[in-house]
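Convention: sequence-line order gives letters A, B, ...; per-chain numbering from 1.
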Protein chains: 2
Amino acid sequence: MAADAIEPLGITTAEEEAYRHIQRALRMGRYRAGDRLIPEEIATEIGMSRMPVREAFRQLAAEGLVVIRPNRGCIVAGLTLDEIYETFEIRSVLEGLAVRLAMPHIDVEVFEELERQLDRMERASQTGSSDWVVRHQAFHLQICQLSNRPKLVRQIASLHVVIEPYLRIWFDYVDKPASARAEHEILIEVLRSGDAGKAEIVMRDHIVETAPLLASFASPGRR
Amino acid sequence: MAADAIEPLGITTAEEEAYRHIQRALRMGRYRAGDRLIPEEIATEIGMSRMPVREAFRQLAAEGLVVIRPNRGCIVAGLTLDEIYETFEIRSVLEGLAVRLAMPHIDVEVFEELERQLDRMERASQTGSSDWVVRHQAFHLQICQLSNRPKLVRQIASLHVVIEPYLRIWFDYVDKPASARAEHEILIEVLRSGDAGKAEIVMRDHIVETAPLLASFASPGRR
DNA sequence: AACTGGATAAGTGGATACACAGATACGCTT
DNA sequence: AAGCGTATCTGTGTATCCACTTATCCAGTT
């Protein structure tokens, strides 16, 4: 099929495309919290009608990236300070669980891969905020995925997306990957120890401790 | 306005109505896993067009209650045994977190209310499975809400909905509210102790321990 | 001058009709 | 009987229209 040549892997429905398009924009912080997302506008931007865009809105709303108010359209969700904390709290227990469950599936190759990830993270930190945030997420998800719990990983990934714009801002202001490297080395260290319970605690602490640092900076607009 | 008299609180858009309608049916176990949900059918059932139904599907899919496969429509999501376990694992850490954060907000009135809830649960257990499951969820959510973390409570509630049909089947087969009462009394007891860390552990154990009991019964169809 | 009220404009939510593509099922050919 | 092609069905996307809510603005009133 000719279509196959153009889109090699995966069927790209219009709704999927709209979803990806808007999500990318939100992750990159292109919109600010409270901005209205006009279906008409986005539809013409991607070259489709309003319906798939509306359906993409629903999906994004379910993930907490936007808020749909009846008859008043779709606005970009902004996290209050409390909500940022809350998100990190939730992340901490979910990723803590993930790392505990991952422990039995960890072998030597994993550590090599994680070290490589850390190197990539450090290199990316010199390139710019975007790359570092992406690599940082990849590092965390890499560990979580070893738990072999698809739904759990999915929820964690979803939370990462929600806080991504805030992480970017944070990075741009403080440029703090130096200590980040050390912190993540500690994570790998506890994985090496083989103590699942301890790993869970370390992961939880690691996550909640970064929350106040991040929250101390102005969030990209409030509700 | 006359409309106010008919619908006293909250604007009920058609999409909202479709969502509630389908969700209720799914919670009650009216459909079995793998059943196809035909937009046309449901639309005429509630008296609206297919469009709001389609959007309701999206929302339900985001919550994991249904699965939308491209060009192949919407089917009721079934949980495999592994997925039931996984859901309980996630619930355990989230509700554990909730109860830990709830601890500072607990006072005397709370215990009175929780005891009343337990009584209602026990009375409901004689009425039938439906009532007991609802009361049981209410009891858990009551505690979680004290954490004052809206997003966290929302996620927990969403997980409750997903496992609700399985809880109903479980109840119908074993009728075990007797030991359930004792277990939940223990929960209240640890809340009284004021030890947040201990409460978290007790809640986590309470939840994961019920999973294997529930999973030992046939789930309502598989994927 | 500030506040309230209504008129008007804009945008969302929903209905309907239609075109297209993928999936399933059936029947045909070999 | 197995493989293949076709037919039909259904889901997805587009276009258009309408109703209703919300938002804006201007004028009138106090």
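Taking the side chain of B/Arg72 as heavy atoms from C-beta on, and the options C/dT24, C/dG14, D/dG11, the nearest nucleotide is C/dT24. Side-chain proximity of B/Asn71 to D/dG13, C/dT12, C/dA23: nearest is C/dA23. Considering only the side chain of B/Ala14, C/dG14 comes nearest among D/dG13, C/dT12, C/dG14. The listed nucleotides are C/dC18, C/dG11, D/dA15; the one nearest the side chain of A/Arg36 is C/dG11. Distance from the side chain of B/Glu15 is smallest for C/dG14 among the nucleotides C/dG14, D/dT12, D/dT14. The side chain of B/Met51 lies closest to C/dA15, out of D/dG13, C/dA15, C/dG13. Side chain of A/Arg50, nearest nucleotide from D/dT12, D/dC17, D/dG13: D/dC17.
Atoms CE (B/Met48) and P (C/dT16) sit 12 Å apart, rounded to a whole Å. We find that CD1 of A/Ile42 is positioned 16 Å from P of D/dG13, with the value rounded to whole Å. What separates CD of B/Glu16 from P of C/dT12 is a distance of 18 Å, to the nearest Å. Put simply, CD1 on B/Ile75 is 14 Å from P on C/dA23, counting in whole angstrom units. Taking atom CZ of B/Arg54 as the reference point, atom P of C/dG13 lies 15 Å away to the nearest angstrom. Taking atom CD of A/Glu55 as the reference point, atom P of C/dT12 lies 16 Å away to the nearest angstrom. The CD atom of A/Glu17 sits 16 Å away from the P atom of D/dT12 (whole-angstrom rounding). The separation between A/Ile68 atom CD1 and C/dT12 atom C1' is 11 Å, rounded to whole Å.
Map B/Glu40 and A/Arg69 each onto its nearest nucleotide of DNA chain D; the residue landing nearer the 5' end is B/Glu40.
Heavy atoms from other residues, nucleotides or ligands lying under 6.0 Å from CD of B/Gln126 number more than 12. Atom CZ of B/Arg50 is surrounded by 12 or fewer heavy atoms from other residues, nucleotides or ligands within 6.0 Å.
For the pairing with B/Gln137, the side-chain hydrogen bond (donor to acceptor under 3.5 Å, both in side chains) check across B/His160, B/Gln142, B/Glu164 returns one residue only, B/Glu164.
A parallel orientation is assigned to the rings of B/His206 and B/His140, their planes being inclined by less than 30° (bins at 30° and 60°).
Because its NZ or CZ atom is both nearer than 6.0 Å to the ring centre of A/Phe88 and within 45° of the ring axis, A/Arg91 counts as a cation-pi partner of that residue.
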